[in-house]
Amino acid sequence: MKDPNYYLNGLINNSESIVVEIYKEMFPKVLRFVVNNKGQSLDAEDIFQKALLQLAVRYKKERFTVHSSFEAYFFTVCKNLWRRELNKSKNKVTKYELGELKDDSTDIAMAVLEQKRWELYKECLELISDKCKQVLKLYFNKVSYADIVNKIGYNTETVARQSVFKCKNKLKQLVQADKRFVLLNKL
Amino acid sequence: MTEKDYILIDNYLKGTLSETEMELVLERLKVDADFSKQFKLEAELFETLNDEEWSFVSEKSPEVEEYKLLLNEGGMQDLKHTIDKVSKQKDNTTRKLNKSFFYYLAAASIVVFLGFQLFFNQSVSGKALYNDYVSLSELPSFATRSNANEIEKQLVNAQILFEKKNYKESLAIFESVLGTESSNISLYLYTGLAQVELNQFKKAEITYDNLINNPSIDGSMGYWYKALLYLKQDRLDDSKVVLNTVVSKKLYNYKKAEELLSQLNDE
């Protein structure tokens, strides 16, 4: 595939041929992913269209840089949007106002910020030591401390707990020091 | 923030707190700013970096508003239309292909049929006529907007199965939905046609009778399909009776019914 900016510029310039190109190259893959993950073809269509608009509006506002191939990046955005969709329907007791149907533009606008935050956290996770990364990945995916002890080879659960605590602090420091974090949290 | 506080947040996010403990946490979020700030960050990290969760932003954030404004501007709306158009064209190309292929088959089958007629002077085959007239590719589609509900999604799925000739599985869905959605005309058609394909002629007849008795104005489509059902079973006389009703009352497809009658009477 071509340079990411070729596609992003095409989107903000409303180029039909580039939209067609993205559909041709990417839709089958997104469709397969959604259908294999509790979704239907209409969901895939919905996600795909939202992803295109999300990228366009974000690029229009801030001309961000995609560091990977456009294909990989677009697929990640679609995967995240689908994860988002699946979590919308979850009935969770949190302090966030979820559940009601948002109009499309609110939904896409929120998804832009969430994607940006996701990128920030993922990038910061890549900056910490391999060992920390390994521990935190287990921790964030709700692996019990007992299992973390076994998988990483700590002596006791207390050691595992301390290690998670330290690694998480490191990650939080990196996140909080990033200027994007400040921007994302201004209210 | 004490270590205990962090453990508390941890357990909250992992969902291992009792209800009373959870309420305490929620209470504390209201009064303790530092706790609340830490909680927010921990929750964001947890929900973002867990592969199953997703961390939502507040829709009241000022940046949400900025993006919303941009999205509602002309440029983005134009792009939205383009995306809509491309998406529809994509669906049409697949549909068109199916259609032209179907017409090709239909034409081919008529040629073969006429060939038999000429060379063997055989009697009209109801089955062949059924195939010529049933036009499975011209059925209404269940495809709806992106915010389809569960049932609509099921129907789209069933339609895809039907188009792939997986009549058994599609019928299972159609029949179960028909139990609750008796006003959807297309649903009767797909159900009946799938039953015919599976040789469940008695059931198909009941389906079409129910369609005929449906108060909707389109219920009379049931006559046409009932006539075809009789054709399929080579019950030519029964078929003629129904076709005559279609023609005399000018019901759905009465022109085709005339044509079909003349072929049956030529015999």
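Residue numbering restarts at 1 for every chain, and letters A, B, ... go by the order of the sequence lines. Owing to the predicted nature of the structure, the values given are computational and were not obtained by experimental measurement.
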- Task: Carefully, step by step, assess Glu63(B) and Lys61(A) under the rule salt bridge (Lys or Arg N to Asp or Glu O under 4.0 Å).
- Result: CA-CA 11 Å; Glu63(B) 227 186 328; Lys61(A) 186 159 178 277; 3.6 Å; yes
- Message: For Glu114(A) and Ser55(B), which I'm curious about, is there any donor-acceptor pair between the side chains at under 3.5 Å?
- Response: no
- Task: For Glu16(A) and Gln89(B), run side-chain contact (heavy atoms from CB on, under 4.5 Å): C-alpha distance rounded to whole Å, both residues' side-chain angles, the deciding distance at 0.1 Å, then the answer.
- Result: CA-CA 12 Å; Glu16(A) 188 174 329; Gln89(B) 274 168 356; 3.8 Å; yes
- Message: Could you walk me through whether Leu71(B) and Asp104(A) satisfy the side-chain contact (heavy atoms from CB on, under 4.5 Å) test, starting with their C-alpha distance in whole Å, then the side-chain angles of each, then the deciding distance to 0.1 Å, before giving a yes or no?
- Response: CA-CA 9 Å; Leu71(B) 280 161; Asp104(A) 266 6; over 6 Å; no
- Note on the structure: Nearest heavy-atom contact between Met76(B) and Ile12(A) is CE-CG2, 4.4 Å
- Item | Pair Asp10(B)-Lys168(A), side-chain contact (heavy atoms from CB on, under 4.5 Å): steps then yes or no | CA-CA 11 Å; Asp10(B) 225 52; Lys168(A) 205 162 54 166; 3.3 Å; yes
- Item | Separation between NZ of Lys153(B) and CG of Leu42(A), rounded to the nearest 0.5 Å | 7.5 Å
- Query: Tell me, side chain or backbone of Glu65(B) under 4.5 Å from chain A's heavy atoms, or both, or neither?
  - Reply: neither
- Message: Could you check whether Lys14(B) makes a cation-pi contact with Tyr145(A), meaning its NZ or CZ is under 6.0 Å from the centre of the six-membered ring and within 45° of the ring axis?
- Response: yes
- Task: State, with a plain yes or no, whether a side-chain heavy atom of Leu49(B) is found less than 4.5 Å away from one of Leu136(A).
- Result: no
- Query: Given Glu53(B) and Arg84(A), is the side-chain contact (heavy atoms from CB on, under 4.5 Å) satisfied, shown in steps?
  - Reply: CA-CA 8 Å; Glu53(B) 311 267 341; Arg84(A) 180 178 199 273; over 6 Å; no
- At what distance, to the nearest 0.5 angstrom, does CD of Glu59(B) lie from OG1 of Thr106(A)? 6.0 Å
- Atom group of Tyr139(A) that falls short of 4.5 Å from chain B, counting heavy atoms: both
- Rounding to 0.5 Å, atoms NZ (Lys142(A)) and CG (Leu13(B)) come to a distance of 8.5 Å
- Note on the structure: Under 4.5 Å to a heavy atom of chain A? For Gln38(B) that would be side chain
- Query: In terms of heavy-atom proximity below 4.5 Å to chain B, should Asn80(A) be classed as side chain, backbone, both, or neither?
  - Reply: both
- When the 4.5 angstrom heavy-atom criterion is applied to Phe46(B) and chain A, the contacting part is both
- Message: Can you confirm whether Leu86(A) sits close enough to Trp54(B) that some side-chain heavy atom of one is under 4.5 Å from a side-chain heavy atom of the other?
- Response: no
- Message: Within this structure, what is the CG-CD1 distance for the pair Asn14(A) and Ile83(B), rounded to the nearest 0.5 Å?
- Response: 8.5 Å
- Give the minimum heavy-atom separation between Lys60(A) and Gly75(B), together with the two atoms involved. NZ-CA, 4.1 Å
- Query: Atom CG of Leu79(B) and atom CD1 of Ile18(A): how far apart are they, to the nearest 0.5 Å?
  - Reply: 11.0 Å
- Query: Does some side-chain heavy atom of Gln54(A) sit less than 4.5 Å from a side-chain heavy atom of Tyr67(B)?
  - Reply: no
- Query: So, are Glu47(B) and Arg83(A) salt-bridged, with charged N and O less than 4.0 Å apart?
  - Reply: no
- Item | Rounded distance (nearest 0.5 Å) linking atom NZ of Lys80(B) with atom NZ of Lys50(A) | 9.5 Å
- Which bit of Val143(A) comes within less than 4.5 Å of chain B, counting heavy atoms only: side chain, backbone, both or neither? backbone
- salt_bridge(Lys172(A), Glu42(B)) N-O dist < 4.0 Å: yes
- Item | Residue selection (most heavy-atom pairs with chain B, distance under 4.5 Å) from Lys122(A), Lys79(A), Arg117(A) | Arg117(A)
- Are any of the side-chain nitrogens in Asp51(B) or Lys137(A) under 4.0 Å away from the carboxylate oxygens of its partner? no
- Which bit of Glu62(A) comes within less than 4.5 Å of chain B, counting heavy atoms only: side chain, backbone, both or neither? side chain
- Item | Residue Val112(A) versus chain B: region with a heavy atom under 4.5 Å | side chain
- Side chains of Phe140(A) and Thr48(B): does their closest heavy-atom pair fall under 4.5 Å? no
